[in-house]
Number of protein chains: 2
Amino acid sequence: MTGRRQEIRERNRLSLIEAVLDSVAEKGISETSVSEIIHRAELSRGMIHLHFGGKDNLVDEAARYSSEQYYNGIYALLETTGQTGQEHIEMIVRGDLSEAILNKKNVSIWYAFRGEARNRAAIAAFSDTRDAKLRNLVFNAFARIAKEAKVDDPNQVARDATHGTLAMLEGMWTDYLLHPDSFDRNEATRIVFRFLSSMFPAHFDLDGALSLE
Amino acid sequence: MTGRRQEIRERNRLSLIEAVLDSVAEKGISETSVSEIIHRAELSRGMIHLHFGGKDNLVDEAARYSSEQYYNGIYALLETTGQTGQEHIEMIVRGDLSEAILNKKNVSIWYAFRGEARNRAAIAAFSDTRDAKLRNLVFNAFARIAKEAKVDDPNQVARDATHGTLAMLEGMWTDYLLHPDSFDRNEATRIVFRFLSSMFPAHFDLDGALSLE
DNA sequence: GATTTAAATGGACGATTGTCCATTTTGCAA
DNA sequence: TTGCAAAATGGACAATCGTCCATTTAAATC
């Protein structure tokens, strides 16, 4: 059993991580100082060094945590849907563009870290991990779809569809970043499905996945 | 005629801007300090205040300059191509993914500024401008294509194609950011054209624009 | 209840930040 | 060539940065 001592310890640890994410979302990375973090976490100055050994490690940990949250969100959605390739894809697309995942806070955080990725190995590393996992999931779904669609070179088509779909979703996030208030989720979703229905007319239409007869 | 005095003045001004961009590309925004900038520009400490009134203004100006450079590059390419809609689109796609525009330095800079966009009004503002201009150019091209393709609701199709194409290009930039060494320009280009040829089979194939008979 | 020890505190510290201005340099006009 | 003014210099400055540790607090154990 976890003693009260360890429980408090972990709560404080988490408070620091969440304070970093809140600050990054609201003020950006360059204004996320130690003073800012400990003020938000309502903890004392020494805690960062105690728990993480330094500010940089804490920030890396916060980035990792945030990435994990995103991925858990997508995974949870996949549990709730059917098993066909097009259902998986539909769920990923809708999930990635849903309010729960694509919102001002997450976008601010994600782009702030992306901006640092080139210069911080730790951040670049799991930014990759997220992509690799998701990419694999999407590819497997498209591989099934491409096979069913009997296209020439189904492997290449599946790879292109994966790459193209993820790229388009990335671009929608950028759109949201730059115009969070005028961004239209339904329009963004429809555009992705327009792409998919052009490529696989038997599997998708503008509204999402089709069930094959 | 520009006197030698003014000429030196403007050269120094530009040196500061380029020093900022070099530093942002190499070290990131958070490590781009006044000391770093003036060291790179080989100028004295007071110059930033003299020319720009402060560091923040200089950084904003550098971001504006960088955005202008991007846009000029795309525009220059458009001068060299034909006048059909699909030729314009092809040139924008190829240009946006070309070594001259999509390279490590530009990507580092662009994402660094994007990461700050949410928290710096000046940077967000022209980040928008770039998008609005380019978007308009692309939309006009797709509007012609959609009309020729005789689709239902050509206006909506053109809007979706514009949105989808730009989103996909954005996503390719992100890909390049995260995997600059394994990124394959030809593959990225082919995927965009796969999307376009699915939507407008009479205007595009996997290799780019088709000329209508 | 007394003792032990892990956890948390908060201030001291040197380094670095961006700003600003008294001084020096230098191009240009008289 | 001299005098003027614009431009550039570089160090002083207060503010803030992140680190670290001597001290205090409080949970766990005896």
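Applying the ring pair (Phe, Tyr, Trp, His ring centres under 6.0 Å) test to every pair with at least one member in residues 178-197 of chain A, sequence neighbours left out, gives these pairs: Y176(A)-F183(A), F195(A)-F195(B). The list of side-chain hydrogen bond (donor to acceptor under 3.5 Å, both in side chains) pairs with a residue in residues 73-86 of chain B, not counting sequence neighbours, reads T84(B)-E87(B). Residue pairs meeting the side-chain hydrogen bond (donor to acceptor under 3.5 Å, both in side chains) criterion with at least one member in residues 54-64 of chain A, sequence neighbours excluded, are D60(A)-R120(A), E61(A)-R64(A), R64(A)-E68(A).
With sequence neighbours excluded, no residue forms a side-chain hydrogen bond (donor to acceptor under 3.5 Å, both in side chains) with T165(A). In this structure, the salt bridge (Lys or Arg N to Asp or Glu O under 4.0 Å) partners of E187(A), at least two apart in sequence or on a different chain, are R159(B). In this structure, Y65(A) has no ring pair (Phe, Tyr, Trp, His ring centres under 6.0 Å) partners at least two apart in sequence or on a different chain. For D153(B), the salt bridge (Lys or Arg N to Asp or Glu O under 4.0 Å) test picks out no residue, with sequence neighbours left out. Partners of F52(A) by ring pair (Phe, Tyr, Trp, His ring centres under 6.0 Å), not counting sequence neighbours: none found. With sequence neighbours excluded, the residues satisfying ring pair (Phe, Tyr, Trp, His ring centres under 6.0 Å) with F200(A) are F142(A).
Listed by residue number, the members of residues 41-61 of chain A with any heavy atom below 4.0 angstrom from DNA chain C are L43(A), S44(A), R45(A), G46(A), M47(A), L50(A), H51(A). Contacts between residues 12-28 of chain A and DNA chain D, defined by a heavy-atom separation below 4.0 Å, involve no residue at all.
Separating the CZ atom of R9(B) from the C1' atom of dA5(D) is a distance of 13 Å, rounded to the nearest angstrom. Distance I37(A) CD1 to dT9(C) C1': 17 Å, rounded to the nearest Å. Across the protein-nucleic acid pair, E31(A) atom CD and dG18(D) atom P stand 12 Å apart, rounded to whole Å. In this structure, I38(B) places its CD1 atom 9 Å from C1' of dG10(D), rounding to the nearest Å. If you measure from atom CZ of R11(B) to atom C1' of dA8(D), you get 13 Å, rounded to the nearest angstrom.
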Please write out the pairs of protein N or O atoms and N or O atoms of nucleotides 23-27 of chain D separated by less than 3.5 Å, giving the distance to one decimal.
unit_1, atom_1, unit_2, atom_2, d
dA27(D), O3', R5(A), N, 3.4
dA27(D), N3, R5(A), NH1, 2.9

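Side-chain contact, N106(A) with W173(A): no donor N or O sits under 3.5 Å from an acceptor N or O. Between the side chains of S23(B) and T32(B), at least one donor-acceptor pair of N or O atoms lies under 3.5 Å.
At the phosphate of dT16(C), neither OP1 nor OP2 sits under 4.0 Å from any side-chain N or O atom of S33(B). Contact between the side-chain N/O atoms of S35(A) and the OP1/OP2 oxygens of dC17(D) is found at a separation under 4.0 Å.
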